[in-house]
Amino acid sequence: MNAKKLYADYGPAALVTGASDGIGEAFARELAEAGFDLVLCARRADRLERLANALSNEHGVSVESLALDLSEPSSADMIAAAVQRKDVGLFVGAAGFGTSGSVLDIDEADELAMIDLNCRALAQQSLRLAKHMVQRGRGGVVLMSSLLAFQGVAHAANYAATKAFVQGLAEGLRIELKPKGVDVIACAPGPVRSGFAARADMQMGGAVPAKAIPRPTLRALGKRTTARPGFLTKLLSYSLATLPRGARSSILTDAMDKMTRHQDAKG
Ligand SMILES: NC(=O)c1ccc[n+]([C@@H]2O[C@H](COP(=O)([O-])OP(=O)(O)OC[C@H]3O[C@@H](n4cnc5c(N)ncnc54)[C@H](OP(=O)(O)O)[C@@H]3O)[C@@H](O)[C@H]2O)c1
């Protein structure tokens, strides 16, 4: 990744949601190193503040932290105001969570909150950011999809469906916004070590560290529709892509069964 070019293309500032942990935090670190001023957003104010102080001390960039629950509709106006204040040219939408387990046991409110955060809020942020970026003549958008986005997956059906939404949103926006100077990419990794597995109650094997995600994704922004960072993700994505959709569903359902087997012991 060429940090100078990245800054020239998408600077001077980036908005990163989900920056208090995992992949969003890794993007925030990478972008601060490249010289971007930042707006960081998530619910946990203490973690955001600590990261904001560390990044401004280490890299001399200006960092604003916005402690918001993005599943609340009112958060969109707070974000829009920060985007104008900082002249944001790059948006990384990494706030999101997953769930897993039997559809008979899931908590309905949690599932609907997941749709609010992973889909409704992300769509609202993307549409507003797209308008802002088209007005300023250039910009970049990174949306967190998943290996699970490309087929239905049992025991994570609603989560996989939210990621299918994100993947489709990114693909459509990419085509529409490219002629207007705005690059859009979906990032669709397999398992990543972060806070995700604990919240989703999944036990993941072979997960890559979150810091392995930003560089290949930012390198691919403007060049490809979907980034698939990491060797295992590439191997899985390209071997699954040759199979019919139903076969992909079966294989990933088997994988999800393994990742959720510990739930049986809990009863
Ligand atoms: N980890 C994986 O294996 C994996 C694989 C493929 C795709 N993804 C996707 O990558 C994205 C990032 O996940 P991650 O692995 O980095 O998980 P993570 O470590 O749990 O981070 C999720 C981030 O989202 C924030 N968040 C959650 N609920 C929020 C809310 N209501 N309002 C505002 N912020 C909220 C969290 O901060 P607070 O708790 O402080 O709010 C945290 O900063 C997600 O969209 C996920 O679906 C993850």
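Please read these numbers as outputs of a predicted model, since none were measured by experiment. Hydrogens, waters and symmetry mates play no part in the numbers below; they use all other heavy atoms, side chains included. As the structure lists them, so they are numbered: ligands from 1, and atoms in each ligand from 1.
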### Message
Please classify the Tyr159 to ligand 1 contact at 4.0 Å (heavy-atom distances, strictly less than): side chain, backbone, both or neither.
### Response
side chain
### Message
Please work out, at 4.0 Å between heavy atoms, whether the side chain, the backbone, both, or neither of Ala210 comes within that distance of ligand 1.
### Response
neither
### Task
Would you check if there is a donor-acceptor pair between the side chains of Glu171 and Thr225 at a distance under 3.5 Å?
no
### Query
Can a non-hydrogen atom of Leu147 be found less than 4.0 Å from any atom of ligand 1?
no
Which atom pairs, one a donor and one an acceptor, fall under 3.5 Å between side chains of residues 177-197 and the rest of the protein, sequence neighbours left out?
from   : atom 1 : to     : atom 2 : distance (Å)
Lys178 : NZ     : Asp183 : OD1    : 3.0
Lys178 : NZ     : Gly222 : O      : 3.1
Asp183 : OD2    : Tyr10  : OH     : 2.5
Arg193 : NH1    : Ala207 : O      : 2.8
Ser194 : OG     : Phe196 : N      : 3.0

### Message
Can you check which of Ala26, Gly96, Ser75, Ala94 brings a heavy atom nearest to atom 11 (C) of ligand 1?
### Response
Ala94
### Task
Pick one of side chain, backbone, both or neither for how Lys163 approaches ligand 1, counting any non-hydrogen atom pair under 4.0 Å.
side chain
### Query
CG/Asp9 to CG/Leu90 distance, rounded to the nearest 0.5 angstrom?
10.0 Å
### Message
Starting from atom 19 (O) of ligand 1, what is the nearest protein heavy atom, named by residue and atom, and what distance separates them?
### Response
Gly195 N, 2.8 Å
#### Entry: Atoms in ligand 1 flagged as close to Pro191, the criterion being non-hydrogen separation under 4.0 Å
3 (O)
### Query
Is the shortest distance from a heavy atom of Arg47 to ligand 1 less than 4.0 Å?
no
### Query
Looking only at distance, does Cys41 have an N or O less than 3.5 Å from an N or O of ligand 1?
no
### Message
Please check this pair: side chain of Asn118 against backbone of Phe97, looking for a donor-acceptor N/O pair closer than 3.5 Å.
### Response
yes
### Residues Asp77, Arg128: salt bridge by 4.0 Å N-O rule
yes
### Task
Between Ala42 and ligand 1, find which residue part has any heavy-atom pair under 4.0 Å and reply side chain, backbone, both or neither.
both
### Residue Glu58 excluded, over 12 heavy atoms near CD under 6.0 Å
yes
### Query
What protein heavy atom sits nearest atom 14 (P) of ligand 1, and how far off is it?
Ser194 OG, 3.4 Å
### Query
Is there a heavy atom of Gly190 sitting under 4.0 angstrom from any atom of ligand 1?
yes
### Query
Looking only at protein heavy atoms, which one is nearest to atom 36 (C) of ligand 1, and how far off is it?
Ser20 OG, 3.8 Å
### ligand 1 to Gly18 polar contact by distance, N or O atoms, under 3.5 Å
yes
### Query
If you draw the axis of the six-membered ring of Phe150, does the NZ or CZ of Arg228 fall within 45° of it and under 6.0 Å from the ring centre?
yes
## Note on the structure
Here the gap from Gln263 atom CD to Met202 atom CE, rounded to the nearest 0.5 Å, amounts to 8.5 Å
### Task
Show which atoms of ligand 1 fall inside a sub-4.0 Å distance from at least one heavy-atom site of Ala19.
43 (O)
#### Entry: Donor-acceptor pair, side chain of Ser75 and main chain of Ser71, under 3.5 angstrom
no
### Query
Can you list every pair that meets salt bridge (Lys or Arg N to Asp or Glu O under 4.0 Å) and has a residue in residues 158-170, with sequence neighbours left out?
none
#### Entry: Gly24 N/O to ligand 1 N/O under 3.5 Å
no
## Note on the structure
atom 3 (O) of ligand 1 sits nearest the protein heavy atom Val192 N, 2.8 Å
### Task
Pull out every atom of ligand 1 sitting under 4.0 Å from any heavy atom of Gly22, numbered as shown with elements.
16 (O), 19 (O)
### Summary
atom 33 (C) of ligand 1: closest protein heavy atom, distance to 0.1 Å, is Leu68 O, 3.3 Å
### Task
For atom 16 (O) of ligand 1, state which one of Ile23, Leu40, Thr17 supplies the nearest heavy atom.
Ile23
### Summary
Under 4.0 Å between heavy atoms, the region of Leu70 that gets near ligand 1 turns out to be both
### Message
Assess whether a salt bridge exists between Arg261 and Asp257, defined as any Lys/Arg side-chain N lying under 4.0 Å from an Asp/Glu carboxylate O.
### Response
no
### Task
Using a 4.0 Å heavy-atom threshold (strictly under), name the region of Met204 that reaches ligand 1: side chain, backbone, both or neither.
side chain
#### Entry: Salt bridge flag under 4.0 Å for residues Glu25 and Arg29
yes
### Message
Measuring from atom 41 (O) of ligand 1, which candidate in Arg43, Arg199, Glu25 has the nearest non-hydrogen atom?
### Response
Arg43
### Enumerated ligand 1 atoms positioned under 4.0 Å from heavy atoms of Met144
10 (O), 11 (C), 45 (O)
### Task
May I ask you to identify, for Ser145, whether its side chain, its backbone, both or neither come under 4.0 Å of ligand 1 on a heavy-atom basis?
backbone
### Task
Spell out, as yes or no, whether a donor-acceptor pair under 3.5 Å connects the side chain of Thr17 to the backbone of Ala94.
yes
#### Entry: N-O pairing of Arg85 and Glu64 below 4.0 Å
yes
### ligand 1-proximal atoms of Leu48, by part, heavy-atom distance under 4.0 Å
neither
#### Entry: Donor-acceptor contact below 3.5 Å, side chain Arg199 vs main chain Gly98
no
### Task
Output yes when a side-chain donor or acceptor of Arg44 lies under 3.5 Å from a complementary backbone atom of Asp46, and no otherwise.
no
### Task
Write out the residue and atom name of the closest protein heavy atom to atom 31 (N) of ligand 1, then the distance separating them to 0.1 Å.
Asp69 OD1, 2.8 Å
### Message
Closer than 3.5 angstrom, by distance alone: can the side chain of His59 be matched with the main-chain N or O of Gly35 as a donor-acceptor pair?
### Response
no
#### Entry: Contacting atoms of ligand 1, where contact means under 4.0 angstrom from a heavy atom of Asp21
19 (O), 21 (O), 42 (C), 43 (O)
### Task
Determine, using heavy atoms of Gly98 and all atoms of ligand 1, whether some pair is separated by less than 4.0 Å.
no
